[in-house]
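First the structure, in the form of structure tokens, and then the observations on it.
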Amino acid sequence: QVQLVQSGGGLVQAGGSLRLSCAASGSAEGIEAMGWYRQAPGKRRELVARLIKSGVRLYGDFVKGRFTIAGDNANNSVYLQMNSLKPEDKAVYFCYSRVGDRDYWGQGTQVTVSS
């Protein structure tokens with residue numbers, strides 16, 4: 001019932017920046033958490049950043065200050081600002097949301113970083 005619509009991603013050179021966006025629609029009342037995960041071919045899906053309703057933010061260890069997650073309550077949206085991108089950041093990035101006791105996933109968007 002909840003839909004997550006992603007935008008952003010694409011091609012960028014090493015050291016560049018990208019901004020990912022995700023908007024929740026449908027029965028999106030009672031959002032408990034939103035965030036971003038990524039998955040590269042042959043690798044497990046891993047946490048990038050997560051924002052819970054208390055405002056607490058959690059980041060994957062590899063971020064090391066390069067990425068920032070922010071929320072826009074008025075639009076049920078989250079944003080991921082990615083700076084100083086590295087070739088190893090290449091992956092499909094998925095928006096995630098927990099609404100009530102259910103999990104939802106966006107369609108994913110490709111991020112490619114050239115060296």
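Count residues from 1 along the sequence.
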- Message: Taking Asn75's backbone N and O only, do any of them form a donor-acceptor pair with Ser77's side chain (distance below 3.5 Å, no angle check)?
- Response: yes
- Item | Least distance between heavy atoms, Arg57 atom then Ile69 atom | NE-O, 2.9 Å
- Note on the structure: Smallest heavy-atom separation, Ala70 atom then Leu51 atom, equals C-CD2, 4.3 Å
- Task: For residues Phe62 and Leu47, report the shortest heavy-atom separation together with the two atoms involved.
- Result: CE2-O, 3.3 Å
- Nearest non-hydrogen partners of Leu80 and Ala49, listed with the distance: CD1-CB, 4.1 Å
- Donor-acceptor pair, Gln6 side chain versus Gly108 backbone, under 3.5 Å? yes
- Message: I'd like to know if the side chain of Arg66 and the backbone of Ser84 have a donor-acceptor N/O pair within less than 3.5 Å.
- Response: yes
- Message: Working note: Val48 + Phe67, criterion side-chain contact (heavy atoms from CB on, under 4.5 Å); need CA distance, chi angles, decisive distance, verdict.
- Response: CA-CA 8 Å; Val48 179; Phe67 298 176; 3.6 Å; yes
- Item | Arg38-Tyr93 side chain donor-acceptor pair, cut-off 3.5 Å | yes
- Item | Linked hydrophobic residues, Tyr79 as query - side chain contacts closer than 4.5 Å | none
- Message: Quick check against the 3.5 Å criterion: does Thr109 have a side-chain atom that pairs as donor or acceptor with the backbone of Gly8?
- Response: yes
- Task: Specify whether Tyr37 and Tyr96 have parallel, tilted or perpendicular ring planes, treating 30° as the upper limit for parallel and 60° as the lower limit for perpendicular.
- Result: perpendicular
- What are the two closest non-hydrogen atoms of Ala33 and Ile52, and how far apart are they? CB-CG2, 4.0 Å
- Query: Does Asp72 reach the main-chain N or O of Ala74 with its side chain, forming a donor-acceptor pair under 3.5 Å?
  - Reply: yes
- Item | side-chain contact (heavy atoms from CB on, under 4.5 Å) between Leu4 and Met34, worked out | CA-CA 10 Å; Leu4 301 178; Met34 294 189 74; 4.2 Å; yes
